[in-house]
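Quick notes on the structure that follows.
Convention: sequence-line order gives letters A, B, ...; per-chain numbering from 1. As the structure is a computational prediction, the values presented were derived from the model and not from experiment.
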There are 2 protein chains.
Amino acid sequence: MTGKKRTAVEAKQAPGSGRPGRVRIEDVAASAGVSIKTVSRVLNNEPNVSARTRAQVEAAVEQLRYRPLPSARVLAGRRSYLVAMLFDNPSSNYLMEIELGVLDACQAQHYNLMLAPLVYNADDIVAKVESLIMQSQLDGIVLTPPLTDDDALLARLVDLGVPYSSISAREQNRHVGVVVDEFGAVCALMAHLAGLGHTRIAHISGPAAHGASTWRLAGYREGLRRAGLRYDAKLVVNGEFSYESGYAGANQLLDSAQPPTAIFAGNDDMAAGVICAISERGLSVPGDISVSGFDDTPIARQIYPSLTTIRQPTREMGRVAASELLKEIREMGSGGVVDLAYTLQVRRSTGPASG
Amino acid sequence: MTGKKRTAVEAKQAPGSGRPGRVRIEDVAASAGVSIKTVSRVLNNEPNVSARTRAQVEAAVEQLRYRPLPSARVLAGRRSYLVAMLFDNPSSNYLMEIELGVLDACQAQHYNLMLAPLVYNADDIVAKVESLIMQSQLDGIVLTPPLTDDDALLARLVDLGVPYSSISAREQNRHVGVVVDEFGAVCALMAHLAGLGHTRIAHISGPAAHGASTWRLAGYREGLRRAGLRYDAKLVVNGEFSYESGYAGANQLLDSAQPPTAIFAGNDDMAAGVICAISERGLSVPGDISVSGFDDTPIARQIYPSLTTIRQPTREMGRVAASELLKEIREMGSGGVVDLAYTLQVRRSTGPASG
DNA sequence: CTGTTAGCGCTTTCAT
DNA sequence: ATGAAAGCGCTAACAG
């Protein structure tokens with residue numbers, strides 16, 4: 001017992017010292033009849049352990065229900081087993097689903113998740129993140145939009161050598177992360193509307209700074225083209241992804257000389273505003289005008305009429321983004337960009353073109 | 001330099017060893033001309049430090065921008081500076097706001113937050129939480145509804161001596177935490193409806209297991225009584241806090257012999273379902289029937305017509321719940337129950353009684 | 001393939 | 001009121 005302070009048995013008999021009742025690595029070592037270093041090797045999937053020894057250790061771990069103490073690993077090692085998810089509150093639903101997915105992947109791989117609310121355009125973002133990294137010894141970062149597009153931040157992360165994973169970054173394929181083909185999704189949506197006989201289809205776009213706005217607008221134009229419809233700049237108005245901006249945009253479109261028969265709002269919140277504006281004028285959806293959104297937030301099913309929209313697999317997106325990050329942490333270059341499938345959800349807000 | 005492995009200067013010159021560039025407690029001690037123990041005392045607000053010494057140390061900390069390494073404190077001490085927020089996904093909006101509030105309080109007091117999604121009626125909840133506590137060395141727990149009402153869980157937490165703080169627990173005043181007078185809020189809402197001339201006011205309740213359902217139903221009855229209106233059991237139907245159950249409940253009420261002129265849904269999601277059911281029948285809100293909800297989720301402003309409802313200060317609730325927990329952690333018995341104010345949000349879905 | 005020996009950076013005894 | 005020494009539980013070098 002050279003150097004050992006307490007044996008496993010003593011520990012249980014003397015719960016006053018140290019963390020009460022906690023099983024330690026040396027207890028596992030003793031139980032498996034090996035050294036603590038060997039246990040450590042097994043725990044960390046290091047090579048140079050015979051299959052036989054490995055099995056013995058694993059059995060002991062199982063039997064003693066041993067779990068390494070996170071803070072001890074962190075203090076001794078170079079990894080923190082901690083990743084942070086940075087966000088600047090877009091919609092709660094979106095964020096919560098992403099978060100649950102990220103959490104799921106982290107828990108599965110025994111990583112801890114730290115949440116870091118940030119303000120996108122604040123000029124101290126880089127400094128904030130930097131001190132977060134230093135103080136919490138972050139192993140990696142999950143980026144959510146629109147922080148995925150902050151070039152200064154990305155550059156600094158690369159400089160610091162901190163792995164990160166992006167969700168729906170504007171510049172796709174360049175980083176580790178997850179993407180959804182929003183462009184293709186909108187094309188599909190336009191095909192749906194054109195198939196219903198609509199020829200004057202309007203679009204209320206999101207803020208230009210968001211990648212999502214760009215792809216959705218591009219999909220709108222390409223969708224029109226594929227349907228053989230002419231693009232008309234007067235049918236496109238700028239929104240802000242907010243309910244209010246959807247409401248305002250719809251009124252602008254309805255007041256125009258030749259109002260559209262269908263409106264594709266850049267997201268569900270704006271679509272809700274569009275429906276409100278139409279309803280207030282005594283017009284009917286989809287009888288007079290068809291409306292569609294994007295995101296399939298809960299509101300899509302809860303407004304009247306229910307909303308035709310595009311569903312992104314948000315929970316899965318979080319899970320995959322985190323998994324790729326953890327791969328990248330384990331071995332630089334092993335993470336990739338995963339493309340996840342969208343779904344066109346046809347509901348009651350779209351129907352045959354009127355007149 | 002007896003026993004010291006590296007001085008502050010050496011550390012910066014030899015970034016290969018240890019954590020690169022990190023300022024350690026001994027650097028602060030050296031800079032302040034005191035022992036590391038004294039620095040530790042100042043850091044932890046311990047007594048037995050002269051004001052003069054304390055000031056010197058604080059200056060050094062400031063100047064060196066020193067932050068203790070969490071894992072080292074945890075490993076050495078008995079506290080983990082970690083609290084968990086347990087939840088069983090109610091609405092995203094509610095949860096996200098609570099979470100942001102909790103996070104805010106934790107960050108302000110240099111505590112870490114761990115998120116623990118759970119399933120309310122799973123019978124392994126207690127075991128799950130127990131292992132969470134042991135493995136992560138939790139200092140305390142924030143409970144969100146309906147987990148606040150799991151008696152087995154509460155009992156176990158008390159047994160283990162783990163402090164916890166509840167948000168809107170059914171059994172109020174018994175624990176540390178935060179509450180809102182939902183009963184009084186509904187009374188106020190009923191006064192609003194009665195004031196508009198409504199005499200047949202229906203209620204769609206939430207699941208009986210939720211404290212919220214109980215208070216809201218009780219407030220409905222008391223509100224009627226205060227307005228001099230008779231309680232009629234046929235005007236109360238059971239819902240599940242879901243959009244679908246609100247839709248179904250409204251149809252049931254509308255099909256009855258004497259339909260109500262106003263419907264108070266137990267939450268906003270159900271109210272949205274109610275509005276949909278009414279609209280589908282070609283009736284108008286509030287022209288024919290007034291509708292109100294509870295919670296003031298974003299949907300309340302995004303449906304047509306916008307919803308009269310009750311707002312709870314969710315972000316603040318999270319913040320206060322966490323603050324009280326941290327007080328309790330610091331000194332058992334010092335946390336309390338805080339009562340936060342609600343707001344009656346009158347919007348477009350309620351109006352004068354018809355006919 | 002396996003074990004030994006030092007620490008990681010901080011808090012805790014226990015002296016002084 | 002202050003300090004010296006001894007770990008907390010684990011991983012990292014370096015031996016064997």
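Counting heavy atoms from C-beta on, the side chains of B/Leu115 and A/Leu115 come closer than 4.5 Å. When side chains are defined from C-beta on, A/Glu316 counts as touching A/Val320, because their heavy atoms get closer than 4.5 Å. Side-chain contact check for A/Val83 versus A/Ile141: every heavy-atom pair is 4.5 Å or farther apart.
With distances taken from any side-chain atom of A/Arg73 to the nucleotides D/dG3, C/dC10, D/dT11, the minimum falls on D/dT11. Set against C/dC8, D/dT2, D/dA13, the side chain of A/Arg78 has D/dA13 as its closest nucleotide. Side-chain proximity of B/Thr38 to D/dT2, C/dT2, D/dT11: nearest is D/dT2. You'll find that the side chain of A/Ser35 is closest to C/dG3, out of C/dG3, C/dT11, D/dC10. Taking every side-chain heavy atom of A/Glu46 into account, D/dA12 is the closest of D/dG7, C/dC8, D/dA12. Side-chain proximity of A/Ile25 to D/dT11, C/dC1, D/dG3: nearest is D/dT11. Closest to the A/Arg24 side chain, of the nucleotides D/dT2, D/dC10, D/dC8, is D/dC10. Listed nucleotides: D/dT11, D/dG3, C/dT2. Nearest to the side chain of A/Ala76: D/dT11.
The shortest distance between the side-chain N/O atoms of B/Thr53 and the OP1/OP2 oxygens of D/dT2 is below 4.0 Å. Checking the phosphate oxygens (OP1, OP2) of D/dT11, a side-chain nitrogen or oxygen of A/Asn44 falls inside 4.0 Å. Within the 4.0 Å cut-off from OP1 or OP2 of D/dC10, at least one side-chain nitrogen or oxygen of A/Tyr66 is found. A sub-4.0 Å separation between OP1 or OP2 of C/dT11 and a side-chain N or O of B/Ser40 is present.
Each of A/Ala72 and B/Arg54 was assigned the nucleotide of DNA chain D with the nearest heavy atom; the assignment lying further toward the 5' end belongs to B/Arg54. Between A/Arg67 and B/Val49, the residue anchored closer to the 5' end of DNA chain D is B/Val49, taking for each the nucleotide with the nearest heavy atom.
Considering CG of B/Leu82 and CD1 of B/Ile133, their distance stands at 11.5 Å, rounded to 0.5 Å.
The interatomic distance linking A/Leu75 (CG) with C/dC8 (P) rounds to 9 Å, in whole Å. In this structure, CZ of B/Arg22 is placed 9 Å from C1' of C/dG9, rounded to the nearest angstrom. Distance, A/Leu43 CG to D/dA12 C1': 15 Å, rounded to whole Å. What separates CZ of A/Arg79 from C1' of D/dT11 is a distance of 9 Å, to the nearest Å. A/His110 has its NE2 atom 13 Å from the P atom of D/dT11, to the nearest Å. Rounded to whole Å, the distance from CZ on B/Arg52 to C1' on D/dT2 is 14 Å. Spacing between atom CD1 of A/Ile36 and atom P of C/dA6 amounts to 13 Å, rounded to whole angstrom units. If you measure from atom CD of B/Glu26 to atom C1' of C/dG7, you get 12 Å, rounded to the nearest angstrom.
Counting only Watson-Crick or G-U wobble pairs whose defining distances are both under 3.5 Å, the stems of 3 or more consecutive pairs in DNA chain C are C:1-4 with D:13-16, C:6-16 with D:1-11.
Two rings, from A/Tyr164 and A/His175, have their centers less than 6.0 Å apart.
Side-chain polar atoms of A/Gln135 and B/Arg22 form no donor-acceptor pair below 3.5 angstrom.
The cationic atom of B/Arg73 (NZ for Lys, CZ for Arg) lies less than 6.0 Å from the six-membered ring centre of B/Tyr81 and within 45° of the ring axis.
The two residues A/Asp88 and A/Thr144 come nearest to each other via the heavy atoms N-OG1, 4.4 Å.
Distance alone, capped at 3.5 Å, is enough to place a donor-acceptor pair between the A/Asn44 side chain and the A/Ser40 backbone.
Between the base of D/dA4 and the side chain of B/Lys37 there is no donor-acceptor pair shorter than 3.5 Å. With hydrogens and angles ignored, a donor-acceptor pair under 3.5 angstrom links the side chain of A/Arg41 to the base of C/dT2.
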